[in-house]
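A short worksheet on the structure shown next.
Heads up: numbering here begins at 1 and tracks the sequence. Indexing begins at 1, ligand by ligand and atom by atom, following the structure's order. Note that the structure is predicted; figures quoted are calculated from it, not measured.
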Amino acid sequence: MKISEIIKSKPKIIETEKKPIALVTGASSGIGYSFTCLLASKGYDVIAIARDHQRLYELENKLLTKFNAKIYVLPLDLSINNSVDKIAEFLKKENLMVDVLINNAGFGVHGAFHETELQKELNMVNLQIQSTLSLTKLVLPYMQERRSGFILNVGSVYSFSPVPFQSVYGGCKSFLLSFGTSLAHENKKYKINVTTLCPGITQTEFRIRSNIGKNINSIKHKKTSGMSADLVAEQGYKALMRGDLICIPGLTNRIFVQIATHLPTSLFSSALTLVNSFRGVNSKNS
Ligand SMILES: NC(=O)c1ccc[n+]([C@@H]2O[C@H](COP(=O)([O-])OP(=O)(O)OC[C@H]3O[C@@H](n4cnc5c(N)ncnc54)[C@H](OP(=O)(O)O)[C@@H]3O)[C@@H](O)[C@H]2O)c1
């Protein structure tokens with residue numbers, strides 16, 4: 001059944017004794033993993049979505065033991081077009097309504113646009129934009145009807161500026177900021193909070209998956225620079241509950257955004273190109 005059909009056949013909301021439900025995309029690692037643990041510790045049952053089912057089942061066991069939280073494991077590739085239809089069917093079958101939606105799953109592609117792989121970039125756009133829009137469209141009517149709900153989209157400090165050599169990634173993150181902020185304003189009257197979380201460098205597998213930086217062992221031993229994923233998720237959660245439009249965790253990241261938004265675009269883009277060339281971001285994705 002398609003999302004549009006499920007929205008049309010929306011069932012009457014029946015208040016139950018169920019715990020509140022959070023849905024987290026990209027729950028198998030990094031910031032999404034931290035969000036899942038945090039939400040379980042706060043008394044939510046969590047629908048955890050990512051491709052790596054092994055990691056999701058390990059997380060399920062951990063959080064059941066630690067917090068007695070129910071984790072609904074949904075192994076899905078969200079870059080595939082109809083994956084959100086499967087989530088819609090699952091919610092309907094289990095009669096679940098989402099109280100907190102965390103649109104977090106993402107990866108990066110770097111290199112000059114004429115050298116990068118189009119299919120990788122299209123998958124990234126599908127994952128970051130198409131799945132965020134479809135999931136939001138799916139849960140929003142229920143939230144509006146109940147006059148309560150929380151949606152957090154994971155952007156980046158790159159949401160605020162062009163990002164040469166990560167042009168499509170930067171474009172996705174700018175889109176998410178613009179979309180989230182507009183959505184927040186539209187939904188004030190429904191008492192729905194929408195926050196865009198804009199982290200900078202965070203100690204996750206992101207840079208390894210994007211072929212930027214050091215090996216995975218150093219990340220596991222927390223030797224990489226940047227904030228911990230737990231701290232990023234914690235600050236994002238607090239901002240979401242407060243109803244902040246934007247959350248930029250960490251002073252360095254807030255300074256970066258101040259510079260990005262105050263310097264002339266061409267000057268900032270040149271500076272970012274230079275900095276990223278030292279970080280090895282400007283070369284072709286391997
Ligand atoms: N780390 C940073 O420095 C940083 C900075 C700014 C913003 N961000 C943003 O933070 C978000 C989370 O990234 P992270 O840093 O936590 O990286 P991460 O550790 O690599 O986690 C990414 C998550 O997304 C999931 N994912 C990737 N492709 C997917 C797909 N096709 N379908 C479903 N799930 C998929 C991964 O799970 P599977 O592989 O199991 O599918 C994983 O759970 C991303 O949106 C990223 O752009 C990160």
Between side-chain atoms of residues 160-172 and protein atoms elsewhere (two or more places apart, or another chain), which donor-acceptor pairs fall under 3.5 Å?
none

For residues 63-71, run the donor-acceptor check on the side chains, cut-off 3.5 Å, and write out each pair with its distance to 0.1 Å, sequence neighbours left out.
residue	atom	partner	partner atom	Å
Thr65	OG1	Asn61	O	2.7

Tell me whether ligand 1 is touched by [X] - counting only heavy atoms on the residue side and a distance under 4.0 Å.
X: Tyr169; result: yes
X: Ala229; result: no
X: Lys173; result: yes

Among all protein heavy atoms, pick the one closest to [atom] and tell me residue, atom and distance.
atom: atom 2 (C) of ligand 1; value: Thr202 N, 3.5 Å
atom: atom 32 (N) of ligand 1; value: Leu78 N, 2.9 Å
atom: atom 22 (C) of ligand 1; value: Gly106 O, 3.7 Å
atom: atom 15 (O) of ligand 1; value: Thr204 OG1, 2.6 Å
atom: atom 6 (C) of ligand 1; value: Pro199 O, 3.3 Å
atom: atom 23 (C) of ligand 1; value: Gly26 CA, 3.7 Å

If the cut-off is 4.0 Å to any non-hydrogen atom of [X], which atoms of ligand 1 fall inside it?
X: Ser28; result: 36 (C), 37 (O), 38 (P), 40 (O), 42 (C), 43 (O)
X: Gly155; result: 7 (C)
X: Val154; result: 9 (C), 10 (O), 11 (C)
X: Leu76; result: 32 (N), 33 (C)
X: Gly30; result: 16 (O), 19 (O)
X: Asp77; result: 30 (C), 31 (N), 32 (N)
X: Ile31; result: 10 (O), 16 (O)

Short side-chain to backbone donor-acceptor contact, Ser28 and Leu56, under 3.5 Å: no

Between Ser174 (side chain only) and Ser159 (backbone N and O only), is there a donor and an acceptor less than 3.5 Å apart?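 Yes, because the side chain of Ser174 sits within donor-acceptor range (under 3.5 Å) of the backbone of Ser159.
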
With respect to [atom], which of [options] exhibits the smallest heavy-atom separation?
atom: atom 19 (O) of ligand 1; options: Gly226, Ser29, Cys172; value: Ser29
atom: atom 41 (O) of ligand 1; options: Met124, Arg51, Arg209; value: Arg51
atom: atom 5 (C) of ligand 1; options: Gly200, Ser156, Ser83; value: Gly200
atom: atom 45 (O) of ligand 1; options: Ile201, Asn104, Thr36; value: Asn104

Assess the side chains of Thr195 and Asp244: does a donor N or O sit below 3.5 Å from an acceptor N or O? no

Kindly compute the distance separating CD1 (Ile129) from CG (Asn103), expressed to the nearest 0.5 Å. 11.5 Å

Begin from the C-alpha positions of Ile21 and Met97 and carry the test side-chain contact (heavy atoms from CB on, under 4.5 Å) through to its verdict. CA-CA 7 Å; Ile21 301 287; Met97 270 166 280; over 6 Å; no

Below 4.5 Å, heavy atoms only, C-beta onward: do Glu121 and Val125 meet side chain to side chain?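 No, side chains not in contact.
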
What closest approach, in Å, do Gln128 and Phe107 show between heavy atoms, and which atom pair accounts for it? NE2-O, 3.1 Å

For ligand 1, indicate whether the residue Asp52 contacts it via side chain, backbone, both or neither (heavy-atom separation under 4.0 Å).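 Under 4.0 Å from ligand 1, Asp52 contributes backbone and side-chain atoms.
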
